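No experiment lies behind these values; they were computed from the predicted model shown. Residue numbers count from 1 along this sequence.
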Amino acid sequence: MTSRSAAPLIGCSGACGGSLGGYWQEQDLELGTLAPLGEAISSTVWSSPDMLASQDSQPWTSDETVVAGGTVVLKCQVKDHEDSSLQWSNPAQQTLYFGEKRALRDNRIQLVRSTPHELSISISNVALADEGEYTCSIFTMPVRTAKSLVTVLGIPQKPIITGYKSSLREKETTTLSCQSSGSKPAAQLTWRKGDQELHGEPTRVQEDPNGKTFTVSSSVTFQVSREDDGADIVCSVNHESLKGADRSTSQRIEVLYTPTAKIRPDPPHPREGQKLLLHCEGRGNPVPQQYLWEKEGSVPPLKMTQESALIFPFLNKSDSGTYGCTATSNMGSYKAYYTLNVNDPSPVPSSSSTYHAIIGGIVAFIVFLLLILLIFLGHYLIRHKGTYLTHEAKGSDDAPDADTAIINAEGGQSGGDDKKEYFI
């Protein structure tokens, strides 16, 4: 946004009044004959003390950019209005507002703010025809003006992709074109395939019949592979009016390619006596419609069918060998191989023996816990009994020394005939 102002103008539109306009036109004639127009105006302004004007009376505005269909606000300000009103006029010099008074009957144009120091108006639903220089004027002596350049951006239309007609064969080269109209200034086009950027031709620009907007176009040429089957080719338009929003079109392509196949066993490690399925997993566009099973050294072929699985209801050692599966579509054929080794049957534990083993383990654990408990209990009782008898002996007069383990006493103190045992 750029602030703009203009030098004072000699002369005025009809809104200034006939006498004022005639006065300044006369001054132009007197000085303009001897110098270029710019020098004449400058000389007129400063040659007379009555025409000196303060810079505070110079209005100022700013340039504006708006997207077509949006709303733009034009703001004009002045520091010293000198008891004059501000006025807005359009590029055709039609007065839009004079102060707070509407001059042009256009409901899109509304007054935002009107004070002695500011006049702001808004224009909604802006069209490309609204682009141009708008003038803010203040009718002082001399008349002073400021310009506001309004730029209207034309929004580009959604791009259109052409050139894709039918399915492509693998390694075939194709060219797609993209076009978008209505942008102003001219937009840029880019290409991508999925997340991969494609380098297309430079964007071509052509002016539209209205003389204001542009049509842009671009093309891209590339070779397709089987990985491109189902890929989206995207053309995007980049333009400042979109403000980062995505505006693109995609074209999904189909690529025809020869099939591939691989054999997958189920179960992965087959044993004798089991049921086995060999799945022939074919891929391609179109998908394989026919599968031929063969075993090396065996004639004729084992099976030709639309089903992709070869079934062994009950495996035998004799089923071991190398098997081949040929997957076929209208784009070609592909043969995959698998070597089958039938392992010996593995013993299957009965459910009853498993149950008994679990019960036996639980019982053994319980017995172990009980044994530990008995050991600790016996140790505790022995220590407790010995401590009890020791304390009892110390409470008697006949107690022996601490170093004596067992003492047999006969005829002890004062007629004592007792026999006592002590445990320490």
Using modelled atom types and a 3.5 Å cut-off, is there a donor and acceptor pairing between side-chain atoms of D229 and backbone atoms of V255?
yes

Could you give the side-chain donor-acceptor pairs of residues 156-163 under 3.5 Å, partners two or more places apart or in another chain?
none

Check: W191/S218 side-chain N/O donor and acceptor closer than 3.5 Å
yes

Enumerate the salt bridge (Lys or Arg N to Asp or Glu O under 4.0 Å) contacts for residues 182-191, please, sequence neighbours excluded, ordered by first and then second residue.
E131-K184

Does either side chain, that of E227 or that of S225, offer a donor lying less than 3.5 Å from an acceptor on the other one?
yes

Under the salt bridge (Lys or Arg N to Asp or Glu O under 4.0 Å) test, which residues partner E201, sequence neighbours left out?
R204

Output all residues satisfying side-chain contact (heavy atoms from CB on, under 4.5 Å) with T203, sequence neighbours left out; order by chain, then residue number.
Q188, L189, V216

Determine, for R226 against E170, whether the closest basic-nitrogen to carboxylate-oxygen distance falls under 4.0 angstrom.
yes

Relative to each other, are the rings of H81 and H117 parallel, tilted or perpendicular (30° and 60° limits)?
perpendicular

Please name all residues satisfying salt bridge (Lys or Arg N to Asp or Glu O under 4.0 Å) with R283, sequence neighbours left out, ordered by chain then number.
none

Restricting to side-chain contact (heavy atoms from CB on, under 4.5 Å), what partner residues turn up for E307, sequence neighbours left out?
T305

Q87 versus S89, side-chain donor and acceptor atoms under 3.5 Å:
no

Give every residue pair that meets the salt bridge (Lys or Arg N to Asp or Glu O under 4.0 Å) criterion with at least one member in residues 233-261, sequence neighbours excluded.
D232-R252

What pairs meet the disulfide (SG to SG under 2.5 Å) rule with one or both residues in residues 77-191, with sequence neighbours excluded?
C76-C136, C178-C235

Are a donor atom and an acceptor atom from the side chains of T175 and T221 found within less than 3.5 Å of each other?
yes

Hey, are T135 and E133 close enough side-chain-wise for a donor-acceptor pair under 3.5 Å?
no

Closest non-hydrogen atoms of Y257 and G284, given as atom of the first, atom of the second and distance, are CE1-CA, 3.5 Å

Answer whether the closest heavy-atom distance between the side chains of I138 and V143 falls below 4.5 Å.
no

Do D63 and K147 sit within salt-bridge range, that is, some charged N less than 4.0 Å from a carboxylate O?
no

How far apart are the closest heavy atoms of P268 and P270, and which atoms are they?
O-CD, 3.4 Å

Got a second to check how far I263's CD1 is from Y323's OH, nearest 0.5 Å?
10.5 Å

Residue pair L277 / F312, side-chain heavy-atom distance below 4.5 Å
no

Side-chain donor-acceptor pairs of residues 331-341 under 3.5 Å, sequence neighbours excluded:
unit_1, atom_1, unit_2, atom_2, d
S333, OG, T328, OG1, 3.0
K335, NZ, E294, OE1, 2.9
T339, OG1, T322, OG1, 3.4

Test: disulfide (SG to SG under 2.5 Å). Region: residues 302-341. Which pairs qualify, not counting sequence neighbours?
C280-C325

Partner set under side-chain contact (heavy atoms from CB on, under 4.5 Å) for Q223, not counting sequence neighbours
K171, T173

For the residue pair S124 and T71, confirm or rule out a side-chain donor-acceptor distance under 3.5 Å.
no

With sequence neighbours excluded, residues passing side-chain contact (heavy atoms from CB on, under 4.5 Å) with R102
Y97, Q110

